[in-house]
Amino acid sequence: LEQLAANQSQRARVQQENKTNQEYHQVAVQQQRPAISLTQQLRALYRKGDYEELLALGKTTQDPPPPDVAGVMRLAHVSLADQAEQRGQHDDALAHMQSAMALQPRENDSLLSRSAEMRNQLSEDWYREGTRLMKDDLPQAIVALKKSVDYNPYNQTARSKLSQAEKLQRNLEKIQRTHNSE
């Protein structure tokens, strides 16, 4: 019985030593592997097309992000802008273009002209919506026309139509006040 207990104890000690050696070996191997840099992680997410996750991870860096991180984040914003534009979500596309330009400004940036075109398109879309709404819903028409002017402050047609709608609104309010006081 003593010999059996000694053998069992010896076997347990050898198993514990083997387990400890394996754990030390695993830790040593992990420490020898170079850590994957944030930029490499971001690039991997970009290749997978996981732009939202890429941007979330990129926002965890210092502000402003280092140039290599900002470059990958810019690419993700441009890709998201392209996707939004294809779906007809021009507001989202413009927001992503603006974020891309803010992250990494460039001289003669093609996004500048692209975002200007998008602003003009959005201004025209809201102008048409405001004009359509003037007959049925004047307050909503004013909101739409204000958006049109916000997207393109140089859109004189939208400014004129907004002025007209606001004047109509004031006149209607005067008529209602006069009517209610009688």
Asker: Just by modelled atom types, is the V149 backbone N or O under 3.5 Å from a matching donor or acceptor in the R159 side chain?
Answerer: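 No: the side chain of R159 does not pair with the backbone of V149.
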Asker: Would E85 and R114 satisfy salt bridge (Lys or Arg N to Asp or Glu O under 4.0 Å), going step by step from the backbone distance to the final call?
Answerer: CA-CA 11 Å; E85 192 172 0; R114 187 173 164 197; 2.9 Å; yes
Asker: Ignoring hydrogens and geometry beyond distance, is a side-chain donor-acceptor pair present between Y154 and N120 at under 3.5 Å?
Answerer: no
Asker: Hey, is the main chain of W126 close enough, under 3.5 Å, to the side chain of S148 for a donor-acceptor pair?
Answerer: no
Asker: For the hydrophobic clusters of this structure (ILVMFWY residues joined by side-chain heavy atoms under 4.5 Å, transitively), does one cluster hold both L111 and L80?
Answerer: no
Asker: Can you tell me if R13 and Q15 form a side-chain donor-acceptor pair at under 3.5 Å?
Answerer: no
Asker: Using the rule that Ile, Leu, Val, Met, Phe, Trp and Tyr join whenever any side-chain heavy atoms are under 4.5 Å apart, tell me whether V143 and L172 fall into a single cluster.
Answerer: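 Looking at the clustering, L172 is in a separate group from V143.
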Asker: For residues 144-158, pull every pair meeting salt bridge (Lys or Arg N to Asp or Glu O under 4.0 Å), keeping only residues two or more places apart or in separate chains.
Answerer: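 Passing the test, one end in residues 144-158: no pairs.
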Asker: Strictly below 4.0 Å, N to O, side chains only: are R119 and E124 in salt-bridge contact?
Answerer: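 Looking at R119 and E124, the cut-off is not met.
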Asker: Should R132 and E129 count as an ion pair when the cut-off is N to O under 4.0 Å?
Answerer: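 E129 and R132: salt-bridged.
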Asker: If we ignore angles and hydrogens, is there a donor and acceptor under 3.5 Å between the side chains of Q40 and R43?
Answerer: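 Their side chains do not contain a donor-acceptor pair, so the 3.5 Å distance test is not met.
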Asker: Quick one: does S160's side chain have a donor or acceptor within less than 3.5 Å of a partner on T157's backbone?
Answerer: no
Asker: Between the main-chain N or O of L103 and the side-chain N or O of R74, is there a donor-acceptor pair closer than 3.5 Å?
Answerer: no
Asker: Are L133 and L168 linked, directly or through other ILVMFWY residues, by side chains that come within less than 4.5 angstrom of each other?
Answerer: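 Different clusters.
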Asker: If you count the non-hydrogen atoms of other residues, nucleotides and ligands that lie under 6.0 Å from CD in E173, is the total more than 12?
Answerer: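 For E173, atom CD is crowded (more than 12 foreign heavy atoms under 6.0 Å).
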Asker: Are L122 and L145 linked, directly or through other ILVMFWY residues, by side chains that come within less than 4.5 angstrom of each other?
Answerer: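 No, because L122 and L145 fall into different hydrophobic clusters, even though each may have its own neighbours under 4.5 Å.
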Asker: For the residue pair D125 / Q121, report whether a side-chain donor-acceptor contact shorter than 3.5 Å exists.
Answerer: yes
